[in-house]
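Read the structure below first, then the notes.
Each ligand, and each atom within it, is numbered from 1 in the order the structure gives. Each residue takes its place number in the sequence, starting with 1.
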Amino acid sequence: MAVAGGDALLELRSVGVTYGRLRALHDVSLRIGSGELVGIIGPNGAGKSTLVDVIAGRTRASRGEVRLDGVALRGLPPFRIARMGIARTFQIGQPFGDASVLDSVVIGALASADDLRAARAFAREMLEAVDLAGRAGEAAERLDVGQRKRLQLAQALAMRPRLLLLDEIMAGLPPAEIDALVALVARLNASGITVVVVEHVMRAIAALARRTVVLHHGELIADDPPEAVFRDPAVMRAYLGPRFQATFGAPR
Ligand code: ADP
Ligand code: MG
């Protein structure tokens, strides 16, 4: 889905984020069309989570702007941005307190449901979608790492997002769980949700993304189909190197 000239669902224009003297993001411009699934990769500290935080309103851009459907998001708090249709997961898990798995999702579902009954029903549906329905009554804190990632995903989906930002939901999970999440994310995208996947798991990026953005030291250094990104010498130098070659073989 090319968005070069047309309307973008999400548009970043020359976004910069600085922390003191550190440029966490520098002059990042990016357009994502409705229905796209875009991968974001880059070494640790490249600015990936900062990018997600800026889009979701958790971090303020020092420069530039973020637009959803042409509407500037500057200054809006995260809950307003969430209501406009942007949902995200957190790389570092947020505590669930003593809420049950179901209630953790109902809280998000309430924002878009008519009443508690409808919110509960929709939350159950989302738990089914992420394969956690069997744990609905348990304390969320008892879930293992992979299940917590899926619970976060259900919480995000409960907001009925148009744009879903996933920050390393597959990191550290066993291969079978990664495969299940890849299939789930593909289904969500096929259902019409635009998805941004930040991930170090290259085979997940290769399987999911038609377009892969590479960040390095806060700058966008590539924005191409995964096959092209994986052969890009600058990307190889910045990031992929030995790890990539061990997974995919040397580039041709
Ligand atoms: P990534 O997700 O790609 O690993 P981050 O976006 O988390 O990278 O971080 C980008 C850079 O910004 C890093 O150098 C990180 O230490 C720094 N950084 C992130 N958040 C803050 C913050 N709240 N205060 C100061 N520095 C930060
Ligand atoms: Mg990160």
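- Judged by distance alone, with hydrogens and angles left aside, the side-chain atoms of D144 form a donor-acceptor pair with the main-chain N or O of G146 at under 3.5 Å.
- Atom 8 (O) of ligand 1 has its closest protein heavy atom at G47 N, 3.2 Å.
- Proximity to T50 (heavy-atom distance under 4.0 Å) selects the following atoms of ligand 1: 5 (P), 6 (O), 9 (O), 10 (C).
- Protein heavy atom closest to atom 10 (C) of ligand 1, with residue, atom name and distance, is G45 O, 3.4 Å.
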- Do R120 and D103 pass the salt bridge (Lys or Arg N to Asp or Glu O under 4.0 Å) test, and can you show the C-alpha distance, the side-chain angles, and the key distance before you say yes or no? CA-CA 8 Å; R120 283 183 159 262; D103 286 347; 3.6 Å; yes

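- In this structure a side-chain-to-backbone donor-acceptor pair under 3.5 Å is missing from R135 to Q147.
- Here R162 contributes atom CZ and S34 contributes atom OG; the two are 7.5 Å apart, rounded to the nearest 0.5 Å.
- For CZ of R124, the number of neighbouring non-hydrogen atoms (other residues, nucleotides, ligands) closer than 6.0 Å is 12 at most.
- Residue N44 has at least one heavy-atom neighbour below 4.0 Å for each of these atoms of ligand 1: 4 (O).
- Geometrically, R58 does not engage F90 in a cation-pi contact, judged by NZ or CZ lying under 6.0 Å from the ring centre and within 45° of the ring axis.
- Which parts of ligand 1 touch L22 is read off a 4.0 Å heavy-atom cut-off, strictly below it: atoms 11 (C), 12 (O), 14 (O), 17 (C).
- Contact between G42 and ligand 1 is absent, with no heavy atom of the residue lying under 4.0 Å from the ligand.
- Among the backbone and side-chain atoms of S49, an N/O/S atom is found under 2.8 Å from the Mg ion (ligand 2).
- Near A46, the atoms of ligand 1 lying under 4.0 angstrom from a non-hydrogen atom of the residue are 1 (P), 3 (O), 8 (O).
- With respect to atom 19 (C) of ligand 1, the closest heavy atom belonging to the protein is Y19 CE1, 3.6 Å.
- In this structure, atom 16 (O) of ligand 1 has no protein heavy-atom contact shorter than 4.0 Å.
- Hydrophobic clustering (side-chain heavy atoms under 4.5 Å, transitive across Ile, Leu, Val, Met, Phe, Trp, Tyr) keeps I92 apart from L143.
- Interface atoms of ligand 1 facing P43, defined by a heavy-atom separation under 4.0 Å, are 3 (O).
- The nearest heavy-atom contact from the protein to atom 7 (O) of ligand 1 is S49 CB, 3.7 Å.
- Geometrically, ligand 1 and A24 share no nitrogen or oxygen pair separated by less than 3.5 Å.
- Proximity of T194 to L10: side-chain heavy atoms (C-beta onward) are nowhere separated by under 4.5 Å.
- Annotation: side chain of H200 is not in contact with side chain of M170 (no heavy-atom distance under 4.5 Å).
- At a cut-off of 2.8 Å, T50 is not counted among the residues with an N, O or S atom near the Mg ion (ligand 2).
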